[in-house]
Amino acid sequence: MADMRAFRDAVGGSASGGPGGAASELAGQLGVRTAVLLEGPSDLAAVEALAARRGRELANEGVCVVSMGGAMSVGRFAALLGPPGLGLRLVGLCDEGERRFYERGLERAGAPDAGFFVCVRDLEDELIRALGTARVEEIVGAEGDFRAWQTFLHQPAQHGRPRQQQLRRFLGTKKGRKIRYGRLLVEALGPEDVPTPLDALLKSL
């Protein structure tokens, strides 16, 4: 039986230059109505973690969460999934510094940008600010990364930098770490602490 993962894989293949027939067929079978466009897999992990916390099964609601592999890919994904392609409703998150790529890509695809919510720097930065640096350091320690964190802090490049910036950089220093902490930081949030862009995105679905 087809599932949303198969559709997501088919979309990725089409965006990389492959045929689009499989994605179109799966979209019909699965009743996909909305695509959530995200820059990377850590954002995807965070969105899915928050949806799970709120008792939502996005796939069952016809919502596919897509990691595009970078902001500059938004034009391809918007053309494939939006009005020129499958005709899905497009929503998502973007970083303030990448906003122009989204605006241009969505405009070319004839898709509205009202459903895209902007993070000041990126979603990791929003989550660290929401939790506070002390709480994030507690989570790092509980996950067995305390020694790696201390080693990181002793690097000359980190001396004198604000703790929030250090934590944000640390999360990106090892493959897979941002994805793991994207989920963990969301799971640690209080109900009233969810960053505004992430909260708004989930409420829009």
Side-chain angles (χ1 to χ4, degrees), residues 1-52 54-124 126 178-179 182 186 194-205:
M1 180 179 178
D3 60 17
M4 199 61 79
R5 185 181 298 274
F7 174 69
R8 193 153 57 195
D9 290 344
V11 167
S14 298
S16 299
S24 179
E25 182 178 347
L26 287 168
Q29 292 176 12
L30 296 168
V32 183
R33 59 178 180 80
T34 300
V36 181
L37 302 184
L38 303 170
E39 289 191 26
S42 62
D43 297 336
L44 186 151
V47 169
E48 291 189 335
L50 183 59
R54 295 182 173 177
R56 298 183 61 178
E57 294 283 350
L58 295 182
N60 293 341
E61 298 176 27
V63 177
C64 181
V65 186
V66 179
S67 169
M68 300 184 295
M72 288 184 286
S73 298
V74 66
R76 292 200 305 273
F77 280 86
L80 174 64
L81 298 172
L86 300 183
L88 305 179
R89 174 181 175 239
L90 302 181
V91 298
L93 293 173
C94 72
D95 303 342
E96 180 63 47
E98 312 292 354
R99 192 171 186 173
R100 66 187 185 280
F101 294 117
Y102 279 72
E103 291 173 343
R104 292 170 185 168
L106 293 168
E107 182 179 7
R108 285 197 300 269
D113 63 1
F116 285 79
F117 304 94
V118 181
C119 299
V120 174
R121 296 193 69 180
D122 55 25
L123 184 54
E124 286 79 22
E126 296 276 356
K178 281 180 67 173
I179 300 172
V186 166
V194 179
T196 298
L198 184 57
D199 182 55
L201 174 63
L202 262 290
K203 287 178 177 177
S204 76
L205 299 175

Minimal non-hydrogen separation, [X] against [Y], with atom names:
| X | Y | result |
| --- | --- | --- |
| Phe117 | Pro197 | CB-O, 3.8 Å |
| Phe101 | Ala71 | CB-O, 3.9 Å |
| Ala46 | Leu123 | CB-CD2, 3.6 Å |
| Ile179 | Ala45 | O-CB, 3.5 Å |
| Gly92 | Val36 | CA-CG1, 4.1 Å |
| Val91 | Ser204 | CG1-OG, 4.4 Å |

Which value, rounded to the nearest 0.5 Å, describes the distance between [X] atom [atom1] and [Y] atom [atom2]?
| X | Y | atom1 | atom2 | answer |
| --- | --- | --- | --- | --- |
| Arg121 | Glu96 | CZ | CD | 12.0 Å |
| Leu205 | Leu58 | CG | CG | 6.0 Å |
| Asp122 | Leu93 | CG | CG | 11.0 Å |
| Leu30 | Glu25 | CG | CD | 10.0 Å |

- Within a radius of less than 6.0 Å around CZ of Arg33, do more than 12 heavy atoms belonging to other residues, nucleotides or ligands occur? yes
- Query: Counting heavy atoms not belonging to Glu107, are there more than 12 under 6.0 Å from its CD?
  - Reply: no
- When Ser14 is tested against each of Leu80, Leu81, Asp9 for side chain to side chain contact (heavy atoms under 4.5 Å, CB included), which residue passes? Leu80
- Message: If we check side chain to side chain contact (heavy atoms under 4.5 Å, CB included) with Val194, which of these qualifies: Glu126, Lys203, Arg54?
- Response: Arg54
- Item | Donor-acceptor under 3.5 Å (Arg56 side chain, Leu202 main chain) | yes
- Query: Just by distance, do the side chain of Asp3 and the backbone of Arg5 share a donor-acceptor pair under 3.5 Å?
  - Reply: yes
Report yes if some heavy atom in the side chain of [X] is under 4.5 Å from a heavy atom in the side chain of [Y]; otherwise report no.
| X | Y | answer |
| --- | --- | --- |
| Cys94 | Glu103 | no |
| Ser24 | Leu86 | yes |
| Val65 | Met4 | no |
| Leu90 | Phe77 | no |
| Leu38 | Ser67 | no |
| Glu124 | Asp43 | yes |

- Item | Test salt bridge (charged side-chain N to carboxylate O under 4.0 Å, His left out) applied to Glu48 and Arg8, step by step | CA-CA 14 Å; Glu48 291 189 335; Arg8 193 153 57 195; 3.3 Å; yes
